[in-house]
Amino acid sequence: MSDKYDFHSIEDKWQKYWEENDVFKTVEDDNKEKYYVLEMFPYPSGKLHMGHVRNYSIGDVTARYMRMKGFNVLHPMGWDSFGLPAENAAIKNGVRPDIWTHDNIAEMKRQLKSLGLSYDWDREVMTCRDDYYKWTQWFFIQFYKKGLAYKKKNAVNWCPSCQTVLANEQVVDGRCERCKTPVGKKELSQWYLKITDYAQRLLDDLDKLPGWPEKVKTMQKNWIGRSEGAEIDFEIENFDKKLKIFTTRPDTVFGVTCMVLAPEHPFVKELVTPEHQAEVDAFMDKLQYLSDIDRSSTTLEKEGCFTGSYAVNPLSGKRVPVYIANYVLMNYGTGAIMVVPAHDTRDFAFAKKYGIDIIPVVDPEDPDIDLENLQDAFVAEGNMINSGEFNGMNNKKAIEKITEYIEKKGIGKKTVNFRLRDWLISRQRYWGVPIPMIYCEHCGWVPEKEENLPIMLPTDVEFTGKGASPLASSSTFGDTVCPVCGRPAKREIDTMDTFVDSSWYFLRYTDAKNDKEPFSKDKVNYWMNVDQYIGGVEHAILHLLYARFFTKVIHDLGLVDAEEPFENLLTQGMVLKDGTKMSKSVGNIVSPVEIIDKYGADTARLFILFAAPPDRDLDWSDTGVEGSFRFLNRVWRLVLEIIEKDDGTFSGNAEGKEEKSLYYQMNKTLKRVTDSMSSGKFGFNTAISSIMELVNEMYRYKETENADYALLRSCADNLVLALAPFTPHIGEELWQRLGHEGSVYFEKWPEYDESALVLDTVEIVVQLNGKVKHRMNVSTGLSREELSETVLADETVKKLTEGRNIRKVIAVPGKLVNIVVG
RNA sequence: GCGGAUAUGGUGGAACUGGCAGACACGCAGGUUUUAGGUGCCUGUGCUAACGCAUAUGGGUUCGAGUCCCAUUAUCCGCACCA
């Protein structure tokens, strides 16, 4: 090999070495502390993008560093390989989804390997393979047996482009999260997982995750959307059923002057009186034309329509009209509200428009507010008025008291309401896990027998991209027998949302080849939880909430001790180019393959870790990459020169000033790199900058007279060790050339010499009234008093303070002396 | 509207518990090695002619503030007729 930094051959050589020697294979070991680092597994699109490179580089540095620190590191990789693109390829190009997917995986795996990532490929999982989805089906059945899976007819989100239903979480701003098509509503019978049963735990346990970004926890809290309040029953005249409403403001019941139902509310049909039928029909018609996006817009004018019926205020006895209106949603609370115009801005606007009474029940006690003629709803705190026996009470107190009163009278109760809905997991698509349920005319829905799993995805199907699930077109799939009574029965033909697959893959890695159970208890409990999870913030709600839900259910099934899957979470920033997200349409994509080809994987990794802290967005810079490449070349030349010039005859001259200074820098670098890498900090950029300083210092030192190359060699050893997690290929190569045996991956992380960090003298700053005026070198161990004395005795300082009244001297040993003068 | 974040040179970004603001790198400028381009190496680089002034803006606490407190502004992100 030549003396040039030939990254191509170096990277090939070591990637082959790692593979042939099973360097990254991991086994359970009770004598070692475990560390499980995981990056979100990719969908195999076939092409690696810079976001992947960043994600996996962060994970790989962490894995390699922790390995060198002596941990037993689990660092696996796999494929979230079910999903629509494979099926769309089948529709468009006639390729079989399984072949398309496996080709993509092969290609992406090749690209991942070219990055030099330290994965234990023996634990690779593919969610589309039957050895994995067998257990996804098995989990579905366990959920079903626990009453956590059910089928229900409901108005569901339908994406007309993807031709399938979507979970609430997959609808963003009224559009399909995948294809951005506006989502419509469809009345369909679908399978749900009962995540709402876990709403409170999912909320509470967020507080047990100090290693998660506040942002993600807040997003989950908002999504779960807990609100405390009361359910209250209102009587309706000439109607035998009671109208149940939810409110967070039971204190305002005396101010209720109207009731409003969502137009979809089941009572509406019965409540509309003949005189108002035409009006209501017209209103409903108008609503039909509104998309979900428009319906939920805050700027949409509140419109409603009187039904002709009247309800009775249970506390005041007041007779109040019942309306339907566009601003009341069927999928929150009970789909009906009590209207208190005086104390709710939306109700106020509605009441103004339709001439509904406004009765204030909370006194603002503000002379500027005219209670008889409110200009706006009053939503702040105050004392109760117009509320019978509750008058004079603070309204916060009244929430409690009126709720108690209502409960006593049996017309309502205190409740907690969640915004979170159950998770709709049915998809009318082919490339997913078949739902292992069977419909029997006699027994109803029954789960497939566990010994019959996996229910294989049929291959004799037609891909049209339209209508029902392609599984319906299979001649072999649908017909079966009832597992209970043995009579002919029909299989469910929908498949599962792919987010189900990714809700438990991190558990499977702990025992990826188990064909008796999803994972053995011993193994899963040895490795779980994931100590560090790394991925994009786009999964803040969807994947991260579902995975938490699954872990809790699996915990409750007694299969794993962990109650939370991910101890620490790092949401890495996006990779931008020229300030905008890399995308085909903008045409600013930088291809990882090209970068690796031009500069090597080590340069790509180094740049991406150096250019910005991992949680921030990173603007790709071509000149920045050149800089990282230059640095590695600089390291290469330096180490090679040291190897060449060190003849092993160490002069014993390490006491010299220059030698001490170099030794100091080396230890300082090791300390700074170690500190930056310590858990939760992710200071890769500062770690690298510190290594750069060491390299600069080594260059400077080697040009000094009689430079000691034996000392330089020991610096080079440490330099290579410190650099190895970031740039593993050059790390291995230089480690070998420095005369060491075996992989640098198995070396211990270098300890630094604490005593070398204490210098004989230290430069301190002399300030006058907080402004730096002078610098001087003093010996290190001085006390406060000694330091002030030394400084005040200095000639320059004397000159500076001459003729001025010294009021106070503040001395900070090792740092500065501040002289306060008048 | 509610919530979360961020704000430091021409640029990306450093600055641990309040203690030398601008580490490290990019860019730029000058020099130098080389037949030459590139590479390498060296020097300079916040603003100001200067006393000085500088961490989004205005106040405050402190001997001392990028860092703590109060207010304001801008940008990004999430949620949003949630009763």
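So you know, we letter chains A, B, ... as the sequences are listed, proteins then strands, and number each from 1.
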Looking at [options], which one has an atom nearest to any side-chain atom of [X]?
| X | options | answer |
| --- | --- | --- |
| A:Thr218 | B:G78, B:G12, B:G3 | B:G3 |
| A:Ala612 | B:A23, B:C81, B:G13 | B:G13 |
| A:Ile810 | B:C82, B:C63, B:C41 | B:C63 |
| A:Tyr327 | B:C81, B:C24, B:C20 | B:C81 |
| A:Thr686 | B:A83, B:A15, B:A21 | B:A15 |
| A:Arg616 | B:G13, B:C81, B:C24 | B:G13 |
| A:Thr623 | B:C41, B:G27, B:C20 | B:G27 |

When we call it a touch if two heavy atoms are under 4.0 Å apart, what does [X] touch: a base, just sugar-phosphate, or nothing?
| X | answer |
| --- | --- |
| A:Pro213 | nothing |
| A:Arg634 | sugar-phosphate |
| A:Asn331 | nothing |
| A:Asn417 | nothing |
| A:Phe631 | nothing |
| A:Gly627 | sugar-phosphate |

Distance, [atom1] atom - from [M] to [N], rounded to whole angstrom:
| N | M | atom1 | result |
| --- | --- | --- | --- |
| B:G4 | B:U48 | C1' | 40 Å |
| B:C26 | B:G40 | P | 9 Å |
| B:A56 | B:A21 | P | 16 Å |
| B:U75 | B:C70 | C1' | 22 Å |

**Message:** Checking side chain to side chain donor-acceptor pair (under 3.5 Å) between A:Thr669 and each of A:Gln665, A:Lys671, A:Arg672, which is the one that passes?
**Reply:**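 Single side chain to side chain donor-acceptor pair (under 3.5 Å) partner of A:Thr669 among A:Gln665, A:Lys671, A:Arg672: A:Gln665.
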**Message:** Is it the case that the base of B:C79 and the side chain of A:Asn222 share a donor-acceptor contact (distance under 3.5 Å, atom types as modelled)?
**Reply:**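 By the distance-only test, no, there is no pair.
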**Prompt:** Can you find a donor-acceptor N/O pair under 3.5 angstrom joining the side chain of A:Lys302 to the base of B:C81?
**Reply:** yes
Can you tell me how far the [atom1] atom of [X] sits from the [atom2] atom of [Y], to the nearest 0.5 Å?
| X | Y | atom1 | atom2 | value |
| --- | --- | --- | --- | --- |
| A:Ile819 | A:Lys773 | CD1 | NZ | 11.5 Å |
| A:Ile688 | A:Leu723 | CD1 | CG | 8.0 Å |
| A:Leu638 | A:Leu719 | CG | CG | 7.0 Å |

**Message:** Looking only at the aromatic ring of each residue, does the gap between the centers of A:Phe610 and A:Phe631 stay below 6.0 angstrom?
**Reply:**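 Ring centres of A:Phe610 and A:Phe631 not closer than 6.0 Å.
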Atom [atom1] of [X] and atom [atom2] of [N]: how far apart are they, to the nearest Å?
| X | N | atom1 | atom2 | result |
| --- | --- | --- | --- | --- |
| A:Leu606 | B:C26 | CG | P | 11 Å |
| A:Leu609 | B:G13 | CG | C1' | 15 Å |
| A:Leu768 | B:G52 | CG | P | 11 Å |

**Request:** Give none if B:U61 has no partner; otherwise give the nucleotide forming a Watson-Crick or G-U wobble pair with it, both distances under 3.5 Å.
**Result:** none
**Prompt:** What is the pairing partner of B:U35, taking Watson-Crick or G-U wobble pairs with both distances under 3.5 Å in any strand?
**Reply:**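 Here B:U35 is not engaged in any pair, so there is no nucleotide opposite it.
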**Asked** Distance only, no hydrogens: is a donor on one side chain within 3.5 Å (strictly under) of an acceptor on the other, for A:Glu169 and A:Trp423?
**Response** no
**Asked** Can a side chain N or O of A:Asn818 be found less than 4.0 Å away from OP1 or OP2 on B:U62?
**Response**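 So the side-chain polar atoms of A:Asn818 never come under 4.0 Å of the phosphate oxygens OP1 or OP2 of B:U62.
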